[in-house]
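Numbers here are sequence positions counted from 1. Worth saying up front: this structure is predicted, and the values here are computed from it rather than measured.
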Amino acid sequence: MASILRRLSFMFKDDELYLKLLYLFEMHKWPDLEHPKTFNEKLQWLKLHDRRPEYTRMVDKYAAKDYVAEIIGREHIIPTLGVWNSFDEIDFDGLPDQFVLKTTHGGGGMAVVICKDKKSFDKNKARRILEKSLRSDIYANYREWPYKNVPKRIIAEKYMQADDGEGLTDYKIHNFNGAPKVILVCRERFATGPMAETFFTDKWERLDITRPGHPNPDCKRPENLEEMLRLAEALSKDIPFARTDFYTIGGKAYFGEITFYPASGLAPFNPSKYDKEFGNWLNIPVGG
C-alpha cells in the first residue's frame, strides 16, 4: 500500500494528510502529529513545521560542501572532481582512474556509483543507477521539504581509500537539539551482502538496537571519536534534529552528508522503546 501511495503522491496537496497515510501504511499505526511523542512522529512533525531555507543548501550534496567548510573547515571536505546536469555531460576522460559518482539530491547508497578501475567501469550500469536517481523525487514521495528545490545533478568526488583497504566505515551521528547522543556505524555498505549496522551512545556504549536483515557486529571505537562529535555539534547547532555523517581516514574526519529525517522517519526500532526514548531527547515547539 505504501508503494502505491507514493506513486500517487502527486494527487495529495495536503502534506499532513499524505504523511499520516504514509506513516499508517509503513508503521502500521496512525501517527499523533498534534502531540507527537516518538522520534518517528516528531520527524514527521518537523517535515511540516521546520522549513528553514538553509536546509535546502545543507542537503544538496554539492552546495553542502561550501556550507560545511564555512563551519568546520575545508580540510574535512572530500574534493569535488566535477558536477553535471546529466549523465551524458560527464567528462569521463577528465576523471582519474578511481572516482565516486552520486546525485546531488539522492538519498542512501542506491544513488552512489564507485569506480575503482576506469578500464573495467560499467558505464551502462552507472547510467541506469544515476538516471533512475535523477528521476526520483524525495520531496514528493516523502514530503522531505529541504529536497524540494535541490537541483538534480550528478557530482564526481575523489575516491577515498579506507585505512584497512576495505570499504569506508560510515559514522552517522544523531544530534538532538545540537547535542550528539547516538552514533550509527554502517559498514560493508557497498558489499554484496547486507550492510552491517551497530548503534552506540556518544560514550561508545553499545545499544541493543537491531534492524531486520542487518547484522550488528561490535565495532572498535575510532581514535578520533571526540573530533567527530565536536564537528557534529558545530554543524547541528540550533537545529532540532540533524544526522551528520562522517568517514575517518588516517585518523582524520571527512564530512559525508547531513540528513534531517533518517529513513524518512518511517523505520521502526527493535526494541520499540528506543522510538520513545529518542523522541524524549528531541524537543520541538509543539503548537508553535
| request: Quick one: do Tyr274 and Asp208 satisfy side chain to side chain donor-acceptor pair (under 3.5 Å)? Show the steps, please. | output: CA-CA 10 Å; Tyr274 286 104; Asp208 61 331; 2.4 Å; yes

| request: Tell me whether Val83 is reachable from Leu81 by hopping between hydrophobic residues (I, L, V, M, F, W, Y) whose side-chain heavy atoms are closer than 4.5 Å. | output: no

| request: May I ask you to check whether Phe176 and Phe278 place their ring centres under 6.0 Å from each other? | output: yes

| Any side-chain heavy atom of Met27 within less than 4.5 Å of one from Pro268? | yes

| remark: Between the CG atom in Leu130 and the NZ atom in Lys125, the distance rounded to the nearest 0.5 Å is 11.5 Å

| query | Is a side-chain N or O of Thr104 found less than 3.5 angstrom from the main chain of Arg153, in a donor-acceptor match? | reply | yes

| query | Hey, is the main chain of Thr80 close enough, under 3.5 Å, to the side chain of Lys158 for a donor-acceptor pair? | reply | no

| said: If the threshold is 4.0 Å, N to carboxylate O, is there a salt bridge linking Glu257 and Arg243? | reply: yes

| Is the charged tip of Lys47 near the ring of Trp145: under 6.0 Å from the six-membered ring centre and within 45° of its axis? | no

| query | With a cut-off of 6.0 Å (strictly less than), are more than 12 heavy atoms of other residues, nucleotides or ligands near CD of Glu70? | reply | yes

| Side-chain donor-acceptor contact under 3.5 Å, Asn149 with Thr56 | no

| Main-chain N/O of Ser264 paired to Gln44 side chain as donor or acceptor, under 3.5 Å | yes

| task | Measure from the side-chain N and O atoms of Glu41 to the backbone N and O of Pro36, and report whether any donor-acceptor pair falls under 3.5 Å. | result | no

| query | Heavy-atom distance under 4.5 Å between the side chains of Trp204 and Pro222, does that happen here? | reply | yes

| message | Whether the side chain of Thr248 engages the backbone of Ala253 through a donor-acceptor N/O pair (distance < 3.5 Å, no angle test) should be reported. | response | no

| said: For the aromatic rings, using the six-membered ring if either is Trp, is the centroid distance between Phe39 and Phe241 under 6.0 Å? | reply: yes

| request: Spell out, as yes or no, whether a donor-acceptor pair under 3.5 Å connects the side chain of Thr259 to the backbone of Pro262. | output: no

| remark: Value for NZ (Lys181) from NZ (Lys203), rounded to nearest 0.5 Å, stands at 9.5 Å

| request: Decide yes or no for Glu144 and Tyr139: does some side-chain heavy atom of the first lie under 4.5 Å from some side-chain heavy atom of the second? | output: no

| Distance, nearest 0.5 Å, that separates OH of Tyr23 from NZ of Lys20 | 12.5 Å

| Steps toward salt bridge (Lys or Arg N to Asp or Glu O under 4.0 Å) verdict (Arg74, Asp66) | CA-CA 8 Å; Arg74 181 67 59 180; Asp66 287 337; 2.8 Å; yes

| note | So OH of Tyr247 and OG1 of Thr169: to nearest 0.5 Å the spacing works out to 10.0 Å

| message | Apply salt bridge (Lys or Arg N to Asp or Glu O under 4.0 Å) to residues Asp275 and Lys273 and explain how you reach the verdict. | response | CA-CA 5 Å; Asp275 200 3; Lys273 67 177 183 178; over 6 Å; no

Under 3.5 Å, side-chain donor or acceptor atoms of residues 226-237 against the rest of the protein: list the pairs with distances, not counting sequence neighbours.
{"residue": "Glu226", "atom": "OE2", "partner": "Arg221", "partner atom": "NH2", "Å": "3.2"}
{"residue": "Glu227", "atom": "OE1", "partner": "Asn224", "partner atom": "ND2", "Å": "3.3"}
{"residue": "Ser236", "atom": "OG", "partner": "Ala232", "partner atom": "O", "Å": "2.9"}

| request: Could you grab the distance from atom CG of Asp60 to atom NE2 of His105, nearest 0.5 Å is fine? | output: 10.5 Å

| query | So how far is it from Lys29 NZ to Glu26 CD, rounded to the nearest 0.5 Å? | reply | 13.5 Å

| Sidechain N-carboxylate O distance under 4.0 Å for Asp15, Arg51 | yes

| message | Taking the ring of Tyr142 and the ring of Tyr18, is the distance between their centroids below 6.0 Å? | response | no

| field | salt bridge (Lys or Arg N to Asp or Glu O under 4.0 Å) partners of residues 76-99, not counting sequence neighbours, each pair once | value | Asp88-Arg127

| Steps toward salt bridge (Lys or Arg N to Asp or Glu O under 4.0 Å) verdict (Asp170, Lys172) | CA-CA 6 Å; Asp170 201 351; Lys172 300 178 178 294; 2.9 Å; yes

| field | Summary of ring-ring contact (aromatic ring centres under 6.0 Å, His included) pairs that have at least one residue in residues 51-70, sequence neighbours excluded | value | Tyr55-Phe260

| Do you see a donor-acceptor pair shorter than 3.5 Å between the side chains of Asn141 and Ser136? | no

| Is Glu131 paired with Lys123 through a side-chain N to carboxylate O contact shorter than 4.0 Å? | no

| Any donor-acceptor N/O pair, Asp137 side chain to Ala140 backbone, under 3.5 Å | yes

| query | What about Val150 and Ile155, same hydrophobic cluster or not, with Ile/Leu/Val/Met/Phe/Trp/Tyr joined at side-chain heavy-atom distances under 4.5 Å? | reply | no

| task | Mark yes or no for whether Lys118, through its side chain, and Leu95, through its backbone, hold a donor-acceptor pair below 3.5 Å. | result | yes

| What are the two closest non-hydrogen atoms of Tyr261 and Pro146, and how far apart are they? | OH-CD, 3.4 Å

